[in-house]
Each structure stands twice: as C-alpha cells, then as structure tokens.
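Have a look at the structure below before the remarks.
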There are 2 protein chains.
Amino acid sequence: MAHLTAGVEYGLHCLLWLASSPGTPLSSRDLAEFQGISPSFLAKIFPKLEKAGIVSASEGIKGGYLLARQPGDITVLEVVDAIEGRKPLFDCQEIRGRCAVFRERPPSWATKGVCAIHAVMLRAEKAMRDSLASQTLVDIAGDFGRKAPPEFSDDVRKWLADRTKSRTRNGAIEDGALS
Amino acid sequence: MAHLTAGVEYGLHCLLWLASSPGTPLSSRDLAEFQGISPSFLAKIFPKLEKAGIVSASEGIKGGYLLARQPGDITVLEVVDAIEGRKPLFDCQEIRGRCAVFRERPPSWATKGVCAIHAVMLRAEKAMRDSLASQTLVDIAGDFGRKAPPEFSDDVRKWLADRTKSRTRNGAIEDGALS
DNA sequence: ATAACGCGGACTATATTAGTCCGCGTTATG
DNA sequence: CATAACGCGGACTAATATAGTCCGCGTTAT
C-alpha cells in the first residue's frame, strides 16, 4: 500500500467535516456512515487524533469529537504523524559497514556520520514533510467550499442533525435508511 | 516497511561501486558478497536497472554490469523509479464521492478535478521527487570519497579484481574466505 | 565440457495495512 | 434505573507488499 495510508485519508476527511461543524460534537460512527467508510476502522483512528491534541472527545450518548484547535492551526503533517506515528520514508540498513574489505568491525571513518544515501533520502523526506506542514485544514477546505453549491452545506447540516436527534428524541428507531 | 525500499538501497550502493570501477563489469553476485547482502535478491534488482537504461549487462562468464551512462547523469529518482516502478505516495479512494447526502451517483461538481486532499499529497510527492531528482550518483559518491583513506580504494580494487581473476585464471577455488 | 554469467518465473516467509469484533466504563434520556 | 449510544482498548483476521529463495534456461570465456 502507499506510504500515506487510508487511515490518514479517512482522518483528514473527517477533520474537514468537524471543521465545518464547530461546536457540535460528531461521533465517529456518524462520520463513517456519512462518508461511506468503515465505522470500526474509523473508531481506531480518532483516539490517535485525540492523543495528538487535534480533536477533543466527549463520552456518553451525545458524545463525539470536536476540533481541539482552529482548523488553520492544524497542519496536514500533524495529522499524518498522529495517525501513522512518524514512520520514516527510508530505513537505512547501514550497508556501508558490511563491506567485505572490513574484516570483522568496520573502521570508524566508514560508519561516522550519516550514510550518504541515507542523507539523500532524509532530504527528500524533509521536502515532503515541509510540503505537508505548509498546508492546514483551512487550505484544504477552501478548495472544496468554493466548489459546493450553497444548498449542499444545508443538506449536510440536516443529515448530521437528524443523526444527533435520533439519539436523544426517540421515535426514529426505524428510519428511512433501508438496506 | 518504508516507502523507499531495501531494493533501492541495495541498487544505489551497487551503482556507486559500479561508478568507482568504470570499464570493468561487476557481477551482481560479487557485488552482493562484497557488501554482505543477499545475492539472489540483488539478482532481481539489476534487470530492472538494465531495462531502465541505467546499467548495461554482458552475459557469460566474465560478464556483469556496467554503468550505461555517466554517474553524473543518473539521478536518484531514476533509480527509485526503475526499481520500485513509480508507486504513488498516496492512493486516493475518492471518499468525497461517497457522501451520504448524494443519493446514488454523486453530482459532477463534487467529483470534478482532483480531490483537495489528494492534491496536497501530490504536491508533497512532487517535493519529494524533485529532491530525489536533484541528486546524482556523483553527488552521493563525493561524500563517501572524501571520507575514505587512500588505501581503501586500492583494497576494494584488489578484492574485486581477485574475484574476477578467480573466474578466469583458476587455482583459487579454495580461497582464504572461511566461514 | 565446465563454470559462472544474466534472465526469468515460481515459490515462501514475514510485516504491514485494513478491517472486524467484543467488552469496558461513561453519560443523556425516558 | 434501565437503556442506548458514546469513546476506549485489545484481540483477532484477511489481504497485500516486501524481502528473500530456488531452480532452470541460454550465453560465453577458459
């Protein structure tokens, strides 16, 4: 699979919806169904975002998640690291020290500092991370907000509100969503 | 495992040794043993470099690989793509089109153009690739060449030459390399 | 003829990713 | 106070990718 995983994709999509619904906690289950992704998988992603201080959780019925900070203060890099745990782009195996002309232990000049190949990869990783760090949730949301017609955001609000209501005011145990 | 794989690492290390031994073909088996890596795995990497026009192969005993171009004309990005096959950093699943408020098929405004999240990832990937493209084998070799003492390059030449000779001039079936 | 070469395909083992399932303590509602 | 949905966490499974092995083929210098 790709280095930037589906978990990151799901997390970012959810954070954008949280950004568009400030003040109202959204549950991970609702967010999953709303976007047609796996609720149980999404449930494993949110605790990571919470530990990273990106979202804040409230428990119990009517609970859910809120953005813990302003969307403009949350970078894509933070989200990636929160979900994937800072995995490196490249895993140097120190081949340079295994050279056959080094009997037993390699000399210190050969293993001192960062391997030149590793250094190239670290620079590439830094370029990637800098790029991700330069974008916030606001930057991403802007693109989408400009494309959507005004009625859409009402439809979304309505869909999510209906979900929240069905948990408190009863009578919607059997709703219109058939298989 | 990491996105930039062990295959790339092995390939780059080998290419550096090829760059330091112009005109003399080196076999993938010798290169593997010289660096303490798996000969059979390395044997799967070189054909990819050959198809990409990075090395040229000669068959038969005394065969092996040569750099097909000047080391300064071979970028790290080319090597990565040759070995890994241009795998993307991120695999967009078009979550945006699955929104529950879209009954059946999503409207065209929602799926037109590149997903905003995907666009961020593509920019990050480009930053990474640009960084890799800016470095050639010469750039990497420079770092290492400066560190090694003069005697080292002689030792290497000797080790490799002994290997090549043991294929042509016989008498070295049992050499000093004990377990 | 031999031995080592590159080439390619089939195969295996291990790690990661994606996803499921279940049980716990919490909390608003009726 | 029972219920139902919530977040949390751990154990589990399935699919895929990576790393590595093995074997047989045609080629080529000795």
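Note that this is a predicted model, so its numbers are computed, not measured.
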Check your understanding: Side chain of A:K62: nearest nucleotide among C:dA28, D:dC8, D:dT30?
Key ->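 Among C:dA28, D:dC8, D:dT30, the one nearest the side chain of A:K62 is C:dA28.
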Check your understanding: With sequence neighbours left out, which residue pairs that include part of residues 101-114 of chain B fulfil the side chain to side chain donor-acceptor pair (under 3.5 Å) condition?
Key ->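 For residues 101-114 of chain B: none.
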Provide, to the nearest angstrom, the distance between the [atom1] atom belonging to [X] and the [atom2] atom belonging to [N].
X     : N      : atom1 : atom2 : answer
A:L31 : D:dC6  : CG    : P     : 11 Å
A:L49 : D:dC8  : CG    : C1'   : 14 Å
A:E50 : D:dG7  : CD    : P     : 11 Å
B:L89 : C:dT17 : CG    : P     : 13 Å
A:E59 : C:dC24 : CD    : P     : 16 Å
B:D30 : C:dA3  : CG    : C1'   : 13 Å
A:I61 : C:dA28 : CD1   : C1'   : 6 Å
B:H3  : C:dA15 : NE2   : C1'   : 16 Å

Point to revise | Nearest-nucleotide comparison on DNA chain C, the residue closer to the 5′ end among B:Q93 and B:G63 | key: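 This one resolves to B:G63.
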Practice item. May I ask you to check whether A:R123 and B:Q135 show a side-chain donor-acceptor distance below 3.5 Å? Key: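 Yes - a donor-acceptor pair under 3.5 Å links their side chains.
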Which residues pass the salt bridge (Lys or Arg N to Asp or Glu O under 4.0 Å) test with [X], not counting sequence neighbours?
X      : value
B:D139 : none
B:K158 : B:D162
A:R98  : none

Review point. Dot-bracket for DNA chain D, 5' to 3', counting Watson-Crick or G-U wobble pairs under 3.5 Å, with [ ] for crossing pairs and | for inter-strand pairs?
Key: ||||||||||||||||||||||||||||||
Practice item. Show which residues join A:V114 in its hydrophobic cluster (side-chain heavy-atom contacts under 4.5 Å, direct or indirect), or state none. Key: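 Cluster partners of A:V114: A:L122.
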Check your understanding: Which other residues belong to the hydrophobic cluster containing B:L66, where Ile, Leu, Val, Met, Phe, Trp and Tyr are joined when side-chain heavy atoms lie under 4.5 Å apart, directly or via other members?
Key ->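 Under the 4.5 Å side-chain rule, B:L66 groups with nothing.
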Filter on salt bridge (charged side-chain N to carboxylate O under 4.0 Å, His left out), then keep only pairs touching [range], sequence neighbours left out; what's left?
range                     : result
residues 37-60 of chain B : none
residues 65-76 of chain A : A:R69-A:E78
residues 32-41 of chain A : A:E33-A:R163

Review point. Got a sec? Which of residues 35-47 of chain B come in under 4.0 Å of DNA chain C, heavy atoms?
Key: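 Heavy-atom contacts with DNA chain C come from B:K44, B:P47.
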Considering just the side-chain nitrogens and oxygens of [X], establish if one lies under 4.0 Å of OP1 or OP2 belonging to [N].
X     : N      : result
A:S28 : D:dG7  : yes
B:Y10 : D:dG20 : yes
B:R29 : C:dA4  : no
B:K51 : C:dG6  : no
B:T5  : D:dA19 : yes

Review point. Do B:C14 and B:Q35 touch side chain to side chain, with heavy atoms closer than 4.5 Å?
Key: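 Sidechains of B:Q35 and B:C14: in contact.
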Review point. Would you call the rings of A:F41 and A:Y10 parallel, tilted or perpendicular, where under 30° means parallel and over 60° means perpendicular?
Key: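 Correct class here is perpendicular.
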Check your understanding: For residues 75-86 of chain A, which residues have at least one heavy atom under 4.0 Å from DNA chain D?
Key ->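 Within residues 75-86 of chain A, no residue comes under 4.0 Å of DNA chain D.
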Practice item. Mind checking B:K48 for me? I need base, sugar-phosphate or nothing, with any heavy atom below 4.0 Å counting as a touch. Key: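 Here B:K48 touches no strand at all.
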